[in-house]
Amino acid sequence: MSDKRPTRGFATRAIHHGQEPETVTGAVNVPIFLTSTYQYEAIEKTRSGHDYARATNPTRDAIEESLCSLEGGTSAHVFGSGMAAISALCTMMKSGDHVVCTNNVYGGTSRVFDHVFAGYGIQFSYVDTSDAAHVAVAIRPETRLVHIETPTNPMMQVTDIRAVAEVCRTKGVELSVDNTFLSPYLQRPLELGADIVMHSTTKFLNGHSDGLGGVLVCTKPEQAERFRYVQKTTGGILSPFECYLLLRGVKTLAVRMRQHDANGRAVAEFLAKRLGADKVNYPGLKTHPQHELAARQQKGFGSMLSMELGSRERAQAFVGRLNLCLLAESLGGVETLVCHPYTMTHAGTSVETKARMGVTQGLIRISVGIEDTEDIVADLEQALG
Ligand code: PLP
């Protein structure tokens, strides 16, 4: 699988690539192939190359081709959730191997590393990857993978993908990037030297908060072979219906991301004026310590931000007064979602780690949706009281 027409623009590929009209009827949408198995013509002779739906499904083939094209990879492999994709990534490792990971990652990522895969003898080190020198120091002879998240959840720290990719290349280690917060519309890690891109497609790629999913986009034939085998043998694949939801979501990715980006900037500027720029974590603010890096490696700043309200009581009062924005886990949907990382996304993270990360009881994360900008700002303004 590869992008046969890379010269076409992003929005065009999001609508057409992998989503050509169906050949039997000309239907412009890829059908949802609800079948677990496929008829053979004879022994060892399938009708269409498909034999059993855990291995392949045409709706899944379509979304994999689409996501592969959007990230500029050579193959894509979808799984039942972002966590299933991260778990599939860990199957690259064997006992004794070592992984270097951003210290500020999504709580579920460090949880599956430390509480599931560490039990199989894989070792994990957490470092501040915003300085590539820390990555170089953390790499050991047994290191197989560096896994980074940029910007991070929820502190919005940015890692220089090109610089870390260079460190990985010289040390012979693979680099994977969790690109969930920006989507390929705003950031394309493979173009900056990463080997694998991972997404929770539950977020911006789906975009409508109505389906879970995860993807690994690869650059090498041996990775493709590995993850296709993992899909077939471990079975944590994405269902045809959720593949369809994702195909439908991806068609509007470009327009949604443009509006997410515009609303994110407007909300961050409003909050910086209202609370002080030092209380708002958003790489689009000139006061953000890595603003210039973000401006260089991203096509926009996106719509994820966090703000410090100073105490749990203030955070509680703020969320209690919201009328339009919804207090909920997750992110990347069309609706503005507000979350209290300390008790929600990072509930399973130790108190010490949260303190080290800056995840306080007064921290609020906002996934700015694509409602009218003035309505979002008005709701936040009245809720701040
Ligand atoms: N990566 C990031 C950055 C996330 O925010 C999340 C979930 O919030 C995940 C991975 C896990 O994805 P999922 O919830 O689809 O399993």
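Remember, it's 1-based here, ligands and their atoms both numbered in the order they're listed. Residue numbers count from 1 along this sequence. Source: prediction; values computed, not measured.
- The protein non-hydrogen atom at the shortest distance from atom 4 (C) of ligand 1 is Y106 CG, 3.7 Å.
- Heavy-atom contacts of E149 reach the following atoms of ligand 1: 3 (C) (cutoff under 4.0 Å).
- Numbered from 1 in the order shown, with element, the atoms of ligand 1 that lie under 4.0 Å from a heavy atom of L331 read 5 (O).
- Other residues, nucleotides and ligands contribute at most 12 non-hydrogen atoms within 6.0 Å of the CD atom of E225.
- Distances shorter than 4.0 angstrom occur between a heavy atom of G213 and an atom of ligand 1.
- Closest heavy-atom approach to atom 5 (O) of ligand 1 within the set I86, N206, N153: this belongs to N153.
- If you check each of T202, D178, N179 against atom 3 (C) of ligand 1, the one with the closest non-hydrogen atom is D178.
- In this structure, K299 satisfies the cation-pi test against Y185, with its NZ or CZ atom closer than 6.0 Å to the six-membered ring centre and inside 45 degrees of the ring normal.
- Neither the backbone nor the side chain of T201 has any atom closer than 4.0 Å to an atom of ligand 1 (non-hydrogen atoms only).
- Without hydrogens or angle criteria, E149 side chain to V177 main chain gives no donor-acceptor distance under 3.5 Å.
- Of the protein's non-hydrogen atoms, the one nearest atom 14 (O) of ligand 1 is K203 NZ, 3.9 Å.
- In terms of hydrophobic clustering, with Ile, Leu, Val, Met, Phe, Trp and Tyr side chains grouped at heavy-atom distances under 4.5 Å, L67 and L216 are assigned to different clusters.
- In this pair, Y126 and F124 present their aromatic rings parallel. The plane angle is below 30°, not in the 30 to 60° band.
- A 6.0 Å sphere centred on CZ of R47 holds no more than 12 heavy atoms belonging to other residues, nucleotides or ligands.
- Checking only distances, S200 does come within under 3.5 Å of ligand 1, N or O to N or O.
- No donor-acceptor pair closer than 3.5 Å links the side chain of R60 to the backbone N or O of P240.
- If you check which protein heavy atom lies closest to atom 16 (O) of ligand 1, you get M83 N, 2.9 Å.
- Counting heavy atoms under 4.0 Å from ligand 1, residue E329 does not touch it at all.
- Considering backbone and side-chain N/O atoms, L212 never comes within less than 3.5 Å of an N/O atom of ligand 1.
- Using a distance-only test at 3.5 Å, with no hydrogens or angles considered, no donor-acceptor pair links the side chain of N179 to the main chain of H199.
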